[in-house]
Amino acid sequence: MCSSDLMRTVNGVQDDAKSRAVARILGARHLVQAVSSGIKPSAEVLAMGVWVDGVHALTALGLALVDRRRARAGLTDAAVAALWAIAGGRDLGRATPTPRSRRSLRDRLAVLVLSHAPAGSALLRQSGYR
């Protein structure tokens with residue numbers, strides 16, 4: 001089954017250039033997040049993943065509200081992204097922060113981004129970052 005068949009079957013979305021572009025962008029985002037997170041992400045990187053998944057859920061919900069033809073796809077995508085954010089938040093509550101002397105580039109990058117992102121500071125506090 002190709003991606004256009006999948007979008008049409010699961011989400012009822014007509015295969016058009018806009019739908020394909022959005023699917024490709026979201027696919028790329030998922031790959032970047034997976035590679036950045038690695039097998040066992042630090043608390044800081046996990047917090048960044050929770051933030052990204054939360055923003056994804058909100059933007060997908062926005063799509064559902066503004067484009068009635070894509071409402072089903074937007075709601076489905078929002079639900080999946082919200083579940084990932086909730087699962088990450090659960091794991092974040094059990095994570096231990098990386099000691100300052102052992103922080104990797106990805107840990108420092110996650111902290112930098114979250115320090116400036118809306119609600120990012122709250123996620124950093126939840127991760128135990130100091």
Side-chain angles (χ1 to χ4, degrees):
M1 178 178 278
C2 70
S3 62
S4 61
D5 292 337
L6 183 64
M7 286 191 297
R8 189 171 32 258
T9 302
V10 174
N11 295 317
V13 173
Q14 197 64 3
D15 183 27
D16 59 14
K18 186 187 260 185
S19 297
R20 284 190 303 275
V22 169
R24 288 177 181 143
I25 290 167
L26 289 176
R29 190 221 33 109
H30 284 292
L31 287 174
V32 168
Q33 185 177 358
V35 168
S36 299
S37 295
I39 294 172
K40 189 173 188 235
S42 65
E44 297 84 358
V45 171
L46 191 56
M48 186 69 215
V50 170
W51 188 86
V52 168
D53 289 331
V55 169
H56 181 149
L58 290 174
T59 57
L61 188 57
L63 169 68
L65 292 172
V66 300
D67 189 343
R68 303 303 293 165
R69 293 178 304 128
R70 292 181 170 87
R72 185 170 155 194
L75 291 173
T76 301
D77 196 36
V80 171
L83 287 172
W84 279 111
I86 290 166
R90 188 201 67 215
D91 291 343
L92 185 58
R94 292 184 242 154
T96 55
T98 307
R100 186 176 296 273
S101 62
R102 301 195 67 216
R103 288 188 187 134
S104 67
L105 176 61
R106 72 180 183 158
D107 298 333
R108 293 190 305 268
L109 184 58
V111 168
L112 176 68
V113 171
L114 286 173
S115 297
H116 295 89
S121 296
L123 285 169
L124 280 176
R125 282 191 301 279
Q126 188 178 348
S127 76
Y129 175 78
R130 299 197 197 310

How far apart are the closest heavy atoms of [X] and [Y], and which atoms are they?
X: A82; Y: A57; answer: N-CB, 3.7 Å
X: L46; Y: A95; answer: CD2-CB, 4.4 Å
X: S115; Y: L124; answer: OG-CD1, 3.8 Å
X: A47; Y: S127; answer: CB-CB, 4.3 Å
X: T98; Y: S42; answer: OG1-CB, 3.3 Å
X: G89; Y: V50; answer: N-CG2, 3.4 Å

With sequence neighbours excluded, what pairs up with S37 under the side chain to side chain contact (heavy atoms under 4.5 Å, CB included) test?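 Here the qualifying residues are Q33, P41, V45.
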
Short question: side chain of [X], backbone of [Y] - any donor-acceptor pair under 3.5 Å?
X: D107; Y: S104; value: yes
X: R103; Y: R108; value: no
X: E44; Y: Y129; value: no

[X] with [Y], same ILVMFWY side-chain cluster at under 4.5 Å:
X: L114; Y: L109; result: yes
X: L92; Y: V113; result: yes
X: M48; Y: V111; result: yes

L75: hydrophobic cluster co-members (side-chain, 4.5 Å):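 Reading the cluster by chain and number, L75 sits alongside L61.
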
Apply side-chain contact (heavy atoms from CB on, under 4.5 Å) to residues L63 and D77 and explain how you reach the verdict. CA-CA 10 Å; L63 169 68; D77 196 36; over 6 Å; no

CZ (R94) with more than 12 external heavy atoms under 6.0 Å: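 Atom CZ in R94 is packed in, count exceeds 12.
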
Identified side chain to side chain contact (heavy atoms under 4.5 Å, CB included) counterpart of V55 within the set V52, L58, T59: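 That would be T59.
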
